[in-house]
A.B. asks: 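First, the structure itself, so that you have it in front of you.
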Amino acid sequence: MNKADLYTSIVLLIFSAAILIIALQMPTMVDRNESPWSGPGVVPAFIGIALLLLAAFMFARSIMRGALKKSIDKPAAQKAADVARPDIPTEQNSLWKRLGANTSNMRILTTLALCIFYVVLLGRIWFPLATFLFILAFIVVFEFDKHKTILSQWKTFFWGAIIAASTSALITIVFQYLFLVNLP
Amino acid sequence: MFKGLELFGTAITSFFNIRVLFNALWATELGIIIGMLPGLTATMGVALLTTLTFKMQANDAILILICMYIGAIYGGSRSAILLNIPGTPANAATTLDGYPLALQGKAGKAIGIATTGSFLGSVIGMIAMLIFTPLIGSIALKFQSFEFVWFAIFGIIICGNLTAPKDPLKGWISGFIGLFVAMIGMEGIHAYVRYSFGSTELSGGISLIPAMVGTFGFAEIISVMRYERYEVVKTKIERVIPKFSEVFKYWKTIIRSGLIGTFIGAIPGVGEDIAAWVSYDFAKRGAKPEDREMFGKGSIEGLIASETGNNACVPGAIIPVLTLAIPGSAPAAVLLGAMLIHGVRPGPLIMVEFPSFIYETTAMVLIATIMMFVLGLTMVRPLVKILQVPRQKLMPIVFALCVIGSFALQSRLFDVTVMIVFGIIGFVLREMEYPMAPLVLGIILGDILDKNLRRALILSNGSIAPFFTRPICLILFLLTMLIVLSRAKWVKKLAGGIRKKNS
């Protein structure tokens with residue numbers, strides 16, 4: 001966690017410095033005969049300074065806790081064993097390889113991709129259709145078993161389609177006509 | 001005082017008509033279902049219903065939201081007991097004793113006890129609300145900008161401290177990021193557009209509800225989808241309605257947990273999950289040694305403590321919403337947003353502008369509590385089936401609701417993008433152990449801080465002396481410093497050294 005803290009504190013330092021610089025560049029409104037304390041930059045500058053201090057503190061703390069030290073050298077046998085294990089990062093297990101091998105990361109990325117795909121569709125095609133496609137895709141992607149043939153899994157597609165069709169219809173009707181809510 | 005009771009009575013009687021009761025019924029039941037389902041939190045439920053109800057009358061809509069809030073916080077205990085998964089974060093402490101009870105074949109008893117505990121907790125919280133809301137409201141009338149600045153800072157500090165007990169620094173960073181998010185867009189005094197980088201959409205600011213649906217809805221979907229898991233309820237559920245003596249035995253724990261829950265609820269941004277843990281901890285320490293061993297192995301007292309604590313927190317969290325416009329918890333933050341949408345302006349002026357509203361809200365809490373109690377003890381078995389819907393079928397539907405929830409209020413697709421971005425940020429930050437509650441609190445307090453800090457500085461002509469000399473300011477300043485310093489290592493060492501010298 002110390003390493004991660006070190007990186008986030010660097011990101012935060014840059015981020016808060018940017019907040020502060022932009023805040024200081026804001027007009028002070030003195031030329032409009034207003035008090036300089038009413039300027040729009042006052043509060044962002046305060047927040048920027050506070051974040052800067054907190055980030056600096058975290059930066060110092062992570063270094064003091066040994067974030068800069070290289071991890072203790074492992075014996076060669078251990079290293080070889082690590083290469084075989086995809087959950088331990090080594091040079092051989094590059095980031096992408098690890099992402100592919102690690103099912104939980106894969107599931108996160110799949111969820112993200114499906115959801116973003118749905119949002120991109122919205123506003124371009126009819127809402128119920130987009131919702132239908134999204135729900136069907138979601139169910140099929142997560143229930144699909146690649147060791148079986150597509151034909152033997154017709155049930156997944158069939159029930160997925162029924163669930164998707166009924167929910168997208170229900171959502172549209174309930175929201176649009178019962179609660180008078182605008183849909184994308 | 002009597003005027004208050006009279007207003008409370010009028011409010012209750014005005015709610016006794018079929019439409020209101022029907023609304024309360026479905027909203028509470030929906031709340032219980034949403035609370036039960038892991039991945040759907042109370043915040044998410046209240047945010048969704050805010051969009052659903054925004055064309056309704058103010059009172060109907062707010063009643064529905066309160067029913068959802070109370071139902072969801074209670075409903076989470078079901079999955080905590082039956083599956084060992086807290087349905088909402090508020091029920092994490094319930095799993096410790098609820099699940100062992102279910103394994104011993106006492107699932108029905110545990111559900112009954114949890115329901116009764118939740119009911120009593122809500123009632124205690126409601127009584128506190130009835131007493132303290134007008135009281136705090138009349139004190140708050142005297143607050144000026146100086147006090148509000150300290151409230152904003154104090155809120156962030158205490159919320160960060162309590163929601164990230166291991167590493168408060170992360171809580172505070174999260175809170176200040178929230179404050180910054182509130183700075184984006186057009187500001188209130190000169191209409192100057194900040195941090196929009198030329199984007200017209202950003203200049204409108206980041207709305208609260210899409211941001212909350214992202215951090216509490218979408219982020220939750222990602223973490224639920226992360227692991228493949230099938231929920232199976234193994235235990236049978238027998239008699240649910242508890243015996244009076246079983247509950248009455250623990251009256252001390254109930255009252256203590258109720259008070260702790262309400263108090264923690266009233267602290268800005270610190271919500272039901274912390275309330276449940278703290279009251280569980282207090283119950284464990286206060287228990288007799290032979291009872292203490294049972295904690296974590298199916299102690300009824302532990303179950304009562306956590307469930308009473310988290311439900312007492314709900315009315316507690318509404319107190320500062322009404323009197324200071326500062327939310328006591330994440331769902332209460334959405335509730336505050338909803339009140340603003342419906343034209344009710346909570347805050348110190350509420351006693352002047354809408355004097356009956358406080359009592360109406362209290363009456364709504366009462367109705368929601370009774371509904372929760374009745375629904376909680378009936379229809380237990382059919383609802384368990386919903387728990388067994390596989391996640392890959394449920395989550396896309398939840399996401400579609402997230403999209404509608406963030407889109408519908410202002411009908412702009414930009415809000416959906418905000419939801420996605422905050423969902424991803426929320427997920428990443430949570431992975432790195434940054435709590436989300438201070439972030440959300442910051443988004444709300446940002447506006448308060450912005451207006452009041454500048455107003456105060458204009459009033460004092462740039463001098464910061466009034467921030468430390470006014471009595472309430474001084475108290476808030478000292479409290480803030482106390483929290484910050486109590487977490488610093490060198491202070492602990494110093495205090496330890498002094499103690500050694502004295503002894």
Side-chain angles (χ1 to χ4, degrees), chain A residues 1 4-5 8 12 19 22-23 26-27 29 32 34-44 46-48 50-51 54-55 57-58 61 103-105 107-108 110-112 114-116 118-119 122-123 131 134-135 137-139 141-143 160 163-164 167-168 171 175 179-184, chain B residues 51-56 169-170 172-173 176-177 179-180 183 187 189-190 192-195 218 221-223 225-228 390-393 395-397 399-404 407-408 411 413 416-417 419-420 423-424 427 432-434 446 449-451 453-458 460-462:
Chain A
M1 208 38 126
D5 279 356
T8 34
L12 277 172
I19 295 177
I22 296 175
M26 287 180 190
M29 303 289 169
R32 293 198 207 164
E34 299 270 3
S35 155
W37 298 107
S38 76
V42 173
V43 180
F46 168 74
I47 295 171
L51 259 180
L54 289 170
F57 188 76
M58 187 148 102
R61 190 186 69 178
T103 39
S104 83
N105 282 343
R107 289 175 68 93
I108 292 173
T110 317
T111 312
L112 267 179
L114 282 166
C115 292
I116 291 172
Y118 174 49
V119 172
L122 290 176
T131 311
F134 168 66
I135 297 177
F138 205 97
I139 295 176
V141 166
F142 278 102
E143 288 193 354
I163 292 172
T167 19
S168 83
I171 287 177
F175 281 77
F179 288 100
L180 308 170
V181 166
N182 294 326
L183 294 178
Chain B
T51 36
L52 270 182
T53 56
F54 86 117
K55 295 233 167 108
M56 288 186 174
L169 189 62
K170 290 187 175 169
W172 299 332
I173 288 177
F176 275 96
I177 292 177
L179 286 178
F180 168 70
M183 294 298 115
E187 49 97 24
I189 296 184
H190 298 291
Y192 178 81
V193 178
R194 297 187 287 208
Y195 301 103
F218 186 38
I221 293 177
I222 303 176
S223 43
M225 283 313 295
R226 180 181 206 170
Y227 300 110
E228 206 168 350
R391 16 184 89 172
Q392 66 271 19
K393 291 202 171 73
M395 287 303 132
I397 302 173
F399 184 73
L401 295 177
C402 284
V403 167
I404 299 174
F407 174 83
S411 299
L413 275 172
V416 180
T417 320
M419 185 268 289
I420 296 267
I424 297 172
F427 179 74
M432 300 176 68
E433 296 176 359
Y434 288 83
L449 180 73
D450 185 32
K451 286 196 186 115
L453 181 60
R454 287 193 280 165
R455 256 183 227 151
L457 285 172
I458 296 169
S460 70
N461 210 0

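Here the structure is a predicted model, which is why all the values come from computation and not from measurement.
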A.B. asks: Checking T111(A) against chain B: side chain, backbone, both or neither under 4.5 Å from a heavy atom?
C.D. replies: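 Only the side chain of T111(A) comes within 4.5 Å of chain B.
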A.B. asks: Taking every heavy-atom pair that is under 4.5 Å apart, which of G123(A), A55(A), G39(A) has the most such pairs with chain B?
C.D. replies: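 Most pairs with chain B among the choices: G39(A).
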A.B. asks: Could you walk me through whether F407(B) and V119(A) satisfy the side chain to side chain contact (heavy atoms under 4.5 Å, CB included) test, starting with their C-alpha distance in whole Å, then the side-chain angles of each, then the deciding distance to 0.1 Å, before giving a yes or no?
C.D. replies: CA-CA 11 Å; F407(B) 174 83; V119(A) 172; over 6 Å; no
A.B. asks: S168(A) versus chain B, heavy atoms under 4.5 Å apart: side chain, backbone, both or neither?
C.D. replies: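 S168(A) has no heavy atom closer than 4.5 Å to chain B.
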A.B. asks: In terms of heavy-atom pairs under 4.5 Å, which option from T8(A), T131(A), I116(A) contacts chain B the most?
C.D. replies: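 So the answer, after comparing T8(A), T131(A), I116(A), is T8(A).
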A.B. asks: Would you name the heavy atoms of S35(A) and I458(B) that are closest together and state the gap between them?
C.D. replies: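 Answer, listing the atom of S35(A) first, then I458(B): OG-CG1, 3.9 Å.
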A.B. asks: Heavy-atom distances under 4.5 Å only: say whether M225(B) touches chain A with side chain, backbone, both or neither.
C.D. replies: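 It is both, since atoms from each part get that close.
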A.B. asks: Is there a side chain to side chain contact (heavy atoms under 4.5 Å, CB included) between Y434(B) and I177(B)? Walk through the geometry before answering.
C.D. replies: CA-CA 11 Å; Y434(B) 288 83; I177(B) 292 177; over 6 Å; no
A.B. asks: Heavy-atom distance under 4.5 Å to chain B: side chain of L122(A), backbone, both or neither?
C.D. replies: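 Contact with chain B involves both backbone and side-chain atoms of L122(A).
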A.B. asks: Determine the option with the most heavy-atom pairs under 4.5 angstrom with chain A, choosing from K55(B), R455(B), R194(B).
C.D. replies: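 Greatest number of close heavy-atom pairs with chain A: R194(B).
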A.B. asks: Could you please spell out the steps behind the side chain to side chain contact (heavy atoms under 4.5 Å, CB included) verdict for M26(A) and H190(B)?
C.D. replies: CA-CA 12 Å; M26(A) 287 180 190; H190(B) 298 291; over 6 Å; no
A.B. asks: Between I404(B) and chain A, which part of the residue has a heavy atom less than 4.5 Å away: side chain, backbone, both or neither?
C.D. replies: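 Answer is side chain: those atoms of I404(B) sit under 4.5 Å from chain A.
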A.B. asks: With chain A, which of A400(B), G462(B), A408(B) has the greatest number of heavy-atom pairs at distances under 4.5 Å?
C.D. replies: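 The residue among A400(B), G462(B), A408(B) with the greatest pair count is G462(B).
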A.B. asks: Side chain, backbone, both or neither: which part of I163(A) has a heavy atom under 4.5 Å from chain B?
C.D. replies: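 I163(A) touches chain B through side-chain heavy atoms alone.
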A.B. asks: In terms of heavy-atom pairs under 4.5 Å, which option from L401(B), I420(B), I424(B), I397(B) contacts chain A the most?
C.D. replies: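 Among L401(B), I420(B), I424(B), I397(B), the one with the most close pairs to chain A is I397(B).
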A.B. asks: Measure distances from K393(B) to the heavy atoms of chain A and classify the residue's part below 4.5 Å as side chain, backbone, both or neither.
C.D. replies: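 Both the backbone and the side chain of K393(B) come within 4.5 Å of chain A.
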A.B. asks: Which one wins on heavy-atom pair count under 4.5 Å against chain B: A23(A), P27(A), P36(A), G160(A)?
C.D. replies: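 Most heavy-atom pairs under 4.5 Å with chain B: P27(A).
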A.B. asks: In terms of ring plane angle, is the pair F134(A) and F138(A) parallel, tilted or perpendicular, where the classes change at 30° and 60°?
C.D. replies: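 Geometry flag for F138(A) against F134(A): perpendicular rings.
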A.B. asks: Report which part of L114(A) has an atom under 4.5 Å of a heavy atom belonging to chain B: side chain, backbone, both, or neither.
C.D. replies: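 Neither part; nothing is under 4.5 Å.
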A.B. asks: With a 4.5 angstrom heavy-atom cut-off, could you sort out which part of M56(B) is near chain A: side chain, backbone, both or neither?
C.D. replies: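 Contact with chain A is through the side chain of M56(B) alone.
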A.B. asks: Take E187(B) and K451(B) through the salt bridge (charged side-chain N to carboxylate O under 4.0 Å, His left out) test and state the conclusion after the steps.
C.D. replies: CA-CA 9 Å; E187(B) 49 97 24; K451(B) 286 196 186 115; over 6 Å; no
A.B. asks: Below 4.5 Å from any heavy atom of chain A, which atoms of L413(B) appear? Answer side chain, backbone, both or neither.
C.D. replies: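 The side chain, not the backbone.
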A.B. asks: Please rank I173(B), L453(B), L179(B), I222(B) by heavy-atom pairs under 4.5 Å with chain A and give me the top one.
C.D. replies: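 Most heavy-atom pairs under 4.5 Å with chain A: I173(B).
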A.B. asks: Within this structure, what is the CE-CD1 distance for the pair M395(B) and I139(A), rounded to the nearest 0.5 Å?
C.D. replies: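 Output value for this atom pair is 12.0 Å.
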A.B. asks: Any idea which heavy atoms bring V403(B) and V416(B) closest together, and the distance?
C.D. replies: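 Answer, listing the atom of V403(B) first, then V416(B): O-CG2, 4.0 Å.
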A.B. asks: After noting the C-alpha distance and the side-chain angles of F399(B) and M419(B), does the key distance pass the side chain to side chain contact (heavy atoms under 4.5 Å, CB included) rule?
C.D. replies: CA-CA 11 Å; F399(B) 184 73; M419(B) 185 268 289; 4.0 Å; yes
A.B. asks: Out of curiosity, M58(A) CE to L51(A) CG, how far, rounded to the nearest 0.5 Å?
C.D. replies: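 With rounding to 0.5 Å, CE (M58(A)) is 10.5 Å from CG (L51(A)).
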A.B. asks: Would you mind telling me which of F427(B), Y192(B), F176(B), W172(B) has the largest number of heavy-atom pairs within less than 4.5 Å of chain A?
C.D. replies: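 Ranked by contacts with chain A, first place is Y192(B).
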A.B. asks: Pick one of side chain, backbone, both or neither for T51(B), based on which atoms fall under 4.5 Å of a heavy atom in chain A.
C.D. replies: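 Looking at T51(B), just its backbone touches chain A.
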A.B. asks: When rounded to the nearest 0.5 angstrom, what is the spacing between CG in L449(B) and CZ in F46(A)?
C.D. replies: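 These two atoms lie 6.0 Å from each other.
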A.B. asks: In Å, rounded to the nearest 0.5 Å, how long is the span from CZ of R454(B) to OG of S38(A)?
C.D. replies: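 Those atoms lie 6.5 Å apart.
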